[in-house]
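A quick write-up on the structure given underneath.
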Amino acid sequence: MRRFLRDNGLSVVFGLLFLGSLVGQTFAGHADYVNRQLARGGDPVSFWAYVTSSDFAVDVAENWQSEYLQFFLYVMATVWLVQRGSPESKQLGRIGRESDEDQLVGRHVTESSPRWARTGGWRTVLFARSLGLVMGVLFLSSWLAQSVAGMSAFNAEQLADFTDPLTWPQYVTSADFWSRTLQNWQSEFLAIGSMAILSVYLRERGSPESKPVGASHTVTDESG
């Protein structure tokens with residue numbers, strides 16, 4: 001168990017942090033929702049009714065889609081774009097998909113290479129793009145979930161105010177949907193850009209997200 005925790009510390013810790021914050025969100029969100037219901041003269045709802053409601057679903061999904069968008073764009077952009085001096089960037093001369101030798105495919109595979117990297121053909125092509133594809137699918141799936149849950153929550157408010165509900169195409173072109181979406185996107189883009197720039201000049205000793213403390217500001221990639 002001790003070895004498992006050492007070898008999987010990042011996934012275990014962040015998994016627990018995720019579950020803890022999600023549980024905290026359910027309780028805080030329920031309290032806030034009940035307060036808003038009472039302020040509007042409505043009836044309070046139970047905890048489980050809130051957790052299974054569209055209001056809770058859209059709050060969760062809109063954050064998930066922005067996070068997966070962040071990593072999808074970062075994975076894809078760093079293939080072709082570099083930032084001189086940043087450990088978040090590849091070395092300046094390695095722009096693009098790189099050679100088979102660099103990527104350990106074709107005749108450069110090793111015995112320890114993943115099976116689909118050694119197989120060749122469409123399996124290797126798919127495996128070579130699997131991270132971006134999965135991140136893209138997760139982003140689109142969570143964005144779709146946000147749109148459906150958001151439409152349901154928005155229409156519930158519309159009906160409570162005796163106004164007409166919107167169809168899905170109408171909702172995904174509405175100000176409510178894009179306000180929810182863009183307020184998350186701008187924060188993700190700011191965070192990515194800040195990390196890429198600040199890591200040129202600042203260090204965190206022992207972190208793989210930082211260059212060695214004594215590395216020059218102009219050295220690019222995490223190796224120093």
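Remark: side-chain polar atoms of Ser89 are not paired, donor with acceptor, to backbone N or O of Val82 under 3.5 angstrom. Panel note: side chain Thr26, backbone Val23; a donor-acceptor pair is recorded below 3.5 Å.
Considering only heavy atoms from C-beta on, Gln37 stays 4.5 Å or farther from Pro44 through its side chain. Residues Val105 and Asp100 are in side-chain contact: their nearest non-hydrogen atoms beyond the backbone lie under 4.5 Å apart. Counting heavy atoms from C-beta on, the side chains of Glu111 and Arg118 never come closer than 4.5 Å. Here the side chains of His30 and Val51 are not in contact, with every heavy-atom distance at 4.5 Å or above. Residues Leu159 and Asp164 fail the side-chain proximity criterion, which asks for heavy atoms closer than 4.5 Å. The side-chain heavy atoms of Trp80 and Arg97, taken from C-beta on, include a pair separated by under 4.5 Å.
Checking Phe27, Tyr50, Phe47 one by one against Tyr33, the ring-ring contact (aromatic ring centres under 6.0 Å, His included) holds for a single residue, Tyr50.
Hydrophobic clustering (side-chain heavy atoms under 4.5 Å, transitive across Ile, Leu, Val, Met, Phe, Trp, Tyr) groups Trp185 together with Leu140. Connection of Trp143 to Leu73 is established within a shared hydrophobic cluster, with ILVMFWY side chains joined at heavy-atom distances below 4.5 Å, either directly or through further cluster members. Under the 4.5 Å side-chain heavy-atom criterion for ILVMFWY residues, no single connected hydrophobic cluster contains both Met195 and Val219. Residues Val75 and Phe189 fall within the same hydrophobic cluster, defined by Ile, Leu, Val, Met, Phe, Trp and Tyr side chains chained together at heavy-atom separations under 4.5 Å. Residue Met76 is not grouped with residue Leu133 when hydrophobic side chains (ILVMFWY) are merged at heavy-atom distances under 4.5 angstrom, including chains of intermediate members.
When hydrophobic side chains of Ile, Leu, Val, Met, Phe, Trp and Tyr are connected at separations under 4.5 Å, Leu202 ends up clustered with Leu198.
For Tyr74, the OH atom sits in a packed shell: over 12 heavy atoms of surrounding residues, nucleotides or ligands are nearer than 6.0 Å. A 6.0 Å sphere centred on CD of Gln103 holds more than 12 heavy atoms belonging to other residues, nucleotides or ligands.
Judged purely by distance below 3.5 Å, without hydrogens or angles, the side chains of Ser99 and Asp102 pair a donor atom with an acceptor atom. No hydrogens or angles considered: a donor-acceptor pair under 3.5 Å links the side chains of Gln146 and Gln65. In this model, a donor atom of one side chain and an acceptor atom of the other lie less than 3.5 Å apart for Ser86 and Ser199. Side-chain atoms of Arg84 and His217 form no donor-acceptor pair, as typed in the model, at a separation below 3.5 Å. A donor-acceptor pair shorter than 3.5 Å can be found between the side chains of Trp168 and Ser147.
The side chain to side chain contact (heavy atoms under 4.5 Å, CB included) search around Gln25 returns Leu22, Phe56, Asp59, Val60, not counting sequence neighbours.
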Tabulate below the donor-acceptor pairs under 3.5 Å that side-chain atoms of residues 3-17 make, not counting sequence neighbours, or state none.
{"residue": "Asn8", "atom": "ND2", "partner": "Phe4", "partner atom": "O", "Å": "2.9"}
{"residue": "Ser11", "atom": "OG", "partner": "Asn8", "partner atom": "O", "Å": "3.0"}

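Using a 4.0 Å cut-off between charged nitrogen and carboxylate oxygen, Glu98 and Lys90 count as a salt-bridge pair.
Of all heavy-atom pairs spanning Thr220 and Gln91, the tightest one is O-CG, 3.8 Å. In plain terms, the two heavy atoms of Gln170 and Thr173 that are nearest each other are O-OG1, 3.0 Å. Residue Ala117 comes nearest to Thr124 through the heavy atom pair O-OG1, 3.5 Å, listed as atom of the first residue, atom of the second, then distance. Across all non-hydrogen atoms, the minimal contact from Ala149 to Ala57 is CB-CB, 3.7 Å.
Residue Arg180 holds its CZ atom at 12.5 Å from OG of Ser66, rounded to the nearest 0.5 Å. To the nearest 0.5 Å, atoms CD (Glu67) and CE (Met135) are separated by 10.5 Å.
In this pair, Trp122 and Trp116 present their aromatic rings perpendicular. The plane angle is above 60°, beyond the 30 to 60° band. In this pair, Tyr171 and Phe154 present their aromatic rings tilted. The plane angle is within the 30 to 60° band.
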